[in-house]
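Notes to accompany the following structure.
Values below: every heavy atom of this structure, side chains too, minus hydrogens, waters and symmetry copies. Sequence lines set the chain letters: A, B, ... in the order given, protein chains first and strands last, and positions in each chain run from 1.
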2 protein chains.
Amino acid sequence: MDTVQSYLHACPARTVLEAITNKWTVLVLTSLRSNGGTMRFNELRRFLDGITQKMLTQTLRSLERDGMVRRTVYPTVPPRVDYSVTELGTSLGELFNTFGEWANENVDRIMAARTEFDTRPAPEPVN
Amino acid sequence: MDTVQSYLHACPARTVLEAITNKWTVLVLTSLRSNGGTMRFNELRRFLDGITQKMLTQTLRSLERDGMVRRTVYPTVPPRVDYSVTELGTSLGELFNTFGEWANENVDRIMAARTEFDTRPAPEPVN
DNA sequence: CAGAATCCGCGTAGATACTG
DNA sequence: CAGTATCTACGCGGATTCTG
């Protein structure tokens, strides 16, 4: 039987997972999608409320590089930059919706499991 | 309009996301599911090939706490501990499959976008 | 076999100051 | 407005050692 590692080193799922398993990517993509697909930098910043400027820039750059978000600069004064979710980003975002629905339906079971686990008596050592 | 933050602080999706956005959780759950649903500690360790003992223990404890995995200890010598994926874990694992399929279908577009982004000429400053 | 305990590097992310 | 540039911290995850 093959190991997971040998399978995963070149695994597409691994690539995509690494692209989204950070603090803000999912939230940024979801924000864009829930606001018509296009937002400006500080608009996103305010909406996300808590993200630092550095992390927003970093997250947007990463999403742009992965083809999830399109960055459009208007050479005006003051500058205006629009961030739009691409078709690819929309496609991925729809998965997040499915994920969110699962979370809504099952979060209670998870929280209950946690409570049960945390109040479980410590396994008493055999004398 | 509400900010994402105010929405997300108590968001089920956030809870579940935080539970799985780490290096090994998805891989451990997927390994269990792809091996009949039950594996022993060192069996998982070998299968994951690269995970340290600490991280495997930590990941399994977290999954157990969240009700995704059931830990069964057989009081034998040497000790035997089985880890089985629960119904809840199976349910979540199915989402990973959907996710994996999306990754398979779209990883090429992502890689292409990255190449395009990385070879894109640096925006030449206006003189 | 299935861990517990400890030490430590490194990267993610936050805070702050500055700019075209 | 939309960033860039630094500095710093905190914690995740890895390596190692030891145990019932």
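In this structure, E18(A) places its CD atom 14 Å from P of dG11(C), rounding to the nearest Å. For L60(B) and dA4(C), the CG to C1' distance is 15 Å, given to the nearest whole Å. The distance from atom CG of L56(A) to atom P of dA15(C) is 14 Å, rounded to the nearest whole Å. Here the P atom of nucleotide dA2(C) and the CD atom of E43(B) are 9 Å apart, to the nearest Å. Computed from coordinates, the R46(B) CZ to dG3(C) P distance equals 14 Å when rounded to whole Å. We find that CG of L44(A) is positioned 10 Å from P of dG3(D), with the value rounded to whole Å. Rounded to an integer number of Å, the gap from F41(A) CZ to dC1(D) C1' is 9 Å.
Applying the 4.0 Å criterion to OP1 and OP2 of dA2(C), one finds that R80(B) has every side-chain N and O outside that range. For Y83(B) and dG3(C), the shortest distance from a side-chain N or O to OP1 or OP2 is below 4.0 Å. When the side-chain nitrogen and oxygen atoms of R40(A) are compared with OP1 and OP2 of dA2(D), one or more of them lie within a distance under 4.0 Å. Dashed line: the shortest gap from a side-chain N or O of R45(B) to OP1 or OP2 of dC1(C) is not under 4.0 Å. Listed pair R71(A) / dG3(D) meets the phosphate criterion, a side-chain N or O lying under 4.0 Å from OP1 or OP2.
Considering only heavy atoms from C-beta on, D82(A) stays 4.5 Å or farther from M39(A) through its side chain. V81(A) places none of its side-chain heavy atoms less than 4.5 Å from the side chain of R40(A).
Between W102(A) and L92(B), the closest heavy-atom pair is CZ2-CB, 3.5 Å.
More than 12 heavy atoms of other residues, nucleotides or ligands lie within 6.0 Å of CD in E43(B), so this atom counts as buried by the packing criterion.
From T30(B), atom OG1 reaches atom CZ of F99(B) across 10.5 Å, with rounding to the nearest 0.5 Å.
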List the atom pairs, donor and acceptor, that lie under 3.5 Å between side-chain atoms in residues 62-70 of chain A and the rest of the protein, sequence neighbours left out.
residue : atom : partner : partner atom : Å
E64(A)  : OE2  : R120(B) : NH1          : 3.3
R65(A)  : NH1  : D118(B) : OD1          : 2.9
R65(A)  : NH1  : D118(B) : OD2          : 2.4
D66(A)  : OD1  : R114(B) : NE           : 2.6
D66(A)  : OD1  : R114(B) : NH2          : 3.3
D66(A)  : OD2  : R114(B) : NH2          : 3.4

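If you check the side chains of E87(B) and S91(B), you find no donor sitting under 3.5 Å from an acceptor.
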* At under 4.0 Å between heavy atoms, which parts of nucleotides 5-20 of chain D does protein reach? Answer with one letter per nucleotide, 5' to 3': B base, S sugar-phosphate only, - none. => -B------BBB----B
